[in-house]
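Everything numeric in this text was worked out from a predicted model, so none of it was measured. Start at 1 with the first residue, then count along the sequence.
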Amino acid sequence: MSPSPQSAGSAPVANAGRYSISQDRAPSAPMDPARIRDVELVPLNRTMAGNRSPYNVNGKQYRVMASEEGFQQTGLASWYGEKFHGHLTSNGETFDMYQVSAAHTGLPIPSYARVTNLENQRSIIVRVNDRGPFHNDRIIDLSYAGAYKLGFSDQGTALVHVESIIPGQQNVLLAGASAAGNAAVASAGGRYLQAGAFSDLRAAERLSSRLRELTTRPVFIRSVQAQNAQQLHRVRVGPIADPQEIERITDMMVAADLGQPYMVDE
């Protein structure tokens, strides 16, 4: 199912009037995986386009990194698609939801990164050419094709690990990326604390915000289709491998009157 409308593509806040589709959605035609090209690592030519720093969106200030070297991040990824297809990205390129690209709030534009889906261990290289996602619970927005290749285009979001790649250094960095990605997956252990499940997305988002005040572990919402065809929004924390940390976070949630979480394995 398509995710909620994204704020990442093509500076939608400043140019909202140019989008003919009010709600973002998946392509109307089936995705042909054979037509999705792998990202080619070529020398980068950067200008000020998309790299003004600091910049403000929805009253919040963001900064662009001076260099992406050594950058790593773990958190929630989402995707953006047909609403932004054919419009300009933050650096003036044309967004193509059928090819792999990404939006990030802080990486220089353009830049490259390896994105690993920690829920199925799929990994791809993306070219970052846009700004976003401007949601507190998400760290990167992928084009629909990118989400399709990582296996989360139907569910809308996924827990991912992002690692920067610099052309010319990719032999070293890709080896390090593989090791880091494997370590992240190994440490994850596939164990999560489920804090709640709601039919109301706003209720799930409120609980997520409260949880982020209690823990530095990733907090995310997993939306699924329930048996009665109603969408269910599950709030989860993790992955968490340490039993003591699981107990500590559980105790904090109970003390904060946020209910009694329970463990789920994926």
Side-chain angles (χ1 to χ4, degrees), residues 1-17 19-26 56-62 73-84 103-105 117-119 130-142 144 147 152-160 192-240 249-264 266:
M1 180 172 291
S2 298
S4 301
Q6 308 296 301
S7 299
S10 314
V13 175
N15 302 281
Y19 297 107
S20 58
I21 302 173
S22 60
Q23 301 290 313
D24 200 6
R25 63 193 183 200
N56 293 278
V57 177
N58 296 331
K60 183 175 180 179
Q61 187 177 87
Y62 299 86
Q73 189 178 26
T74 299
L76 203 61
S78 50
W79 60 258
Y80 61 128
E82 195 163 277
K83 177 178 180 178
F84 305 100
H104 193 275
T105 59
N117 185 342
L118 296 180
E119 298 168 18
D130 214 349
R131 287 289 168 231
F134 301 112
H135 297 266
N136 291 334
D137 63 337
R138 303 173 195 172
I139 64 168
I140 193 168
D141 255 359
L142 303 181
Y144 183 84
F152 72 90
S153 55
D154 288 340
Q155 68 193 47
T157 60
L159 185 67
V160 301
Y192 301 82
L193 271 175
Q194 180 152 313
F198 306 86
S199 58
D200 183 358
L201 178 58
R202 290 172 298 182
E205 290 173 340
R206 285 194 295 270
L207 177 57
S208 297
S209 296
R210 291 287 308 279
L211 289 173
R212 290 188 192 93
E213 297 172 358
L214 298 178
T215 178
T216 57
R217 283 288 182 178
V219 179
F220 61 98
I221 299 172
R222 170 63 48 76
S223 298
V224 297
Q225 201 78 18
Q227 291 183 348
N228 60 0
Q230 186 179 38
Q231 195 171 34
L232 193 63
H233 308 285
R234 297 169 174 167
V235 180
R236 292 182 175 177
V237 182
I240 311 171
I249 295 175
T250 298
D251 290 344
M252 286 192 301
M253 288 184 58
V254 173
D257 198 24
L258 295 179
Q260 177 74 49
Y262 60 91
M263 292 302 306
V264 294
E266 292 191 357

Revision key, fill the gap. Nearest heavy-atom approach of F152 to A77 is CE1-O, 3.9 Å
Point to revise | side-chain hydrogen bond (donor to acceptor under 3.5 Å, both in side chains) partners for Q194, two or more places apart | key: R236, Y262
Practice item. Taking all non-hydrogen atoms of both residues into account, name the closest pair between S78 and R138 and its distance. Key: OG-CD, 3.2 Å
Practice item. State the CD-CD distance between E119 and Q155, to the nearest 0.5 angstrom. Key: 5.5 Å
Check your understanding: Under the side-chain contact (heavy atoms from CB on, under 4.5 Å) criterion, do F220 and T157 qualify, and how do the steps go?
Key -> CA-CA 9 Å; F220 61 98; T157 60; 5.6 Å; no
Exercise for review: Using a 4.5 Å cut-off on heavy atoms from C-beta on, say whether the side chain of V57 contacts that of T105.
Suggested key: no
Study note, to complete from the structure: When rounded to the nearest 0.5 Å, the distance separating CG of L118 from CG of L76 is 11.0 Å
Check your understanding: Can you name the nearest heavy-atom pair linking A103 to P133, along with the distance?
Key -> O-CD, 3.9 Å
Review point. Atom CZ of F134 and atom OH of Y62: how far apart are they, to the nearest 0.5 Å?
Key: 6.0 Å
Review point. Is there side-chain contact between L159 and P218, with at least one heavy-atom pair below 4.5 Å?
Key: yes
Revision key, fill the gap. Residue set satisfying side chain to side chain contact (heavy atoms under 4.5 Å, CB included) with I139, at least two apart, ordered chain then number -> Q73, V160, V162
Review point. In chain order, what residues pass the side chain to side chain contact (heavy atoms under 4.5 Å, CB included) check against A195, with sequence neighbours excluded?
Key: L207, L211, V235, M253
Practice item. List the steps, then state whether side-chain contact (heavy atoms from CB on, under 4.5 Å) holds for L214 with V237. Key: CA-CA 11 Å; L214 298 178; V237 182; over 6 Å; no
Review point. Would the number of heavy atoms belonging to other residues, nucleotides or ligands and lying under 6.0 Å from CG of N56 be above 12?
Key: yes
Point to revise | Value rounded to 0.5 Å, distance of CG in L193 from OG1 in T215 | key: 9.0 Å
Review point. Taking atom CG of D141 and atom NE2 of H104, what is their separation to the nearest 0.5 Å?
Key: 10.5 Å
Practice item. Please list, chain by chain and in numerical order, all residues satisfying side chain to side chain contact (heavy atoms under 4.5 Å, CB included) with E213, sequence neighbours excluded. Key: R210
Review point. Shortest non-hydrogen contact from V219 to R212?
Key: O-NH2, 3.0 Å
Check your understanding: Any side-chain heavy atom of I221 within less than 4.5 Å of one from L201?
Key -> yes
Exercise for review: Would you please name every residue forming a salt bridge (Lys or Arg N to Asp or Glu O under 4.0 Å) with D251, sequence neighbours left out?
Suggested key: none
**Study point:** S209 vs R206 side-chain heavy atoms within contact, under 4.5 Å
**Key:** no
Practice item. Dump the intermediate steps for side-chain contact (heavy atoms from CB on, under 4.5 Å) on D200 and H233, then the final yes or no. Key: CA-CA 7 Å; D200 183 358; H233 308 285; over 6 Å; no
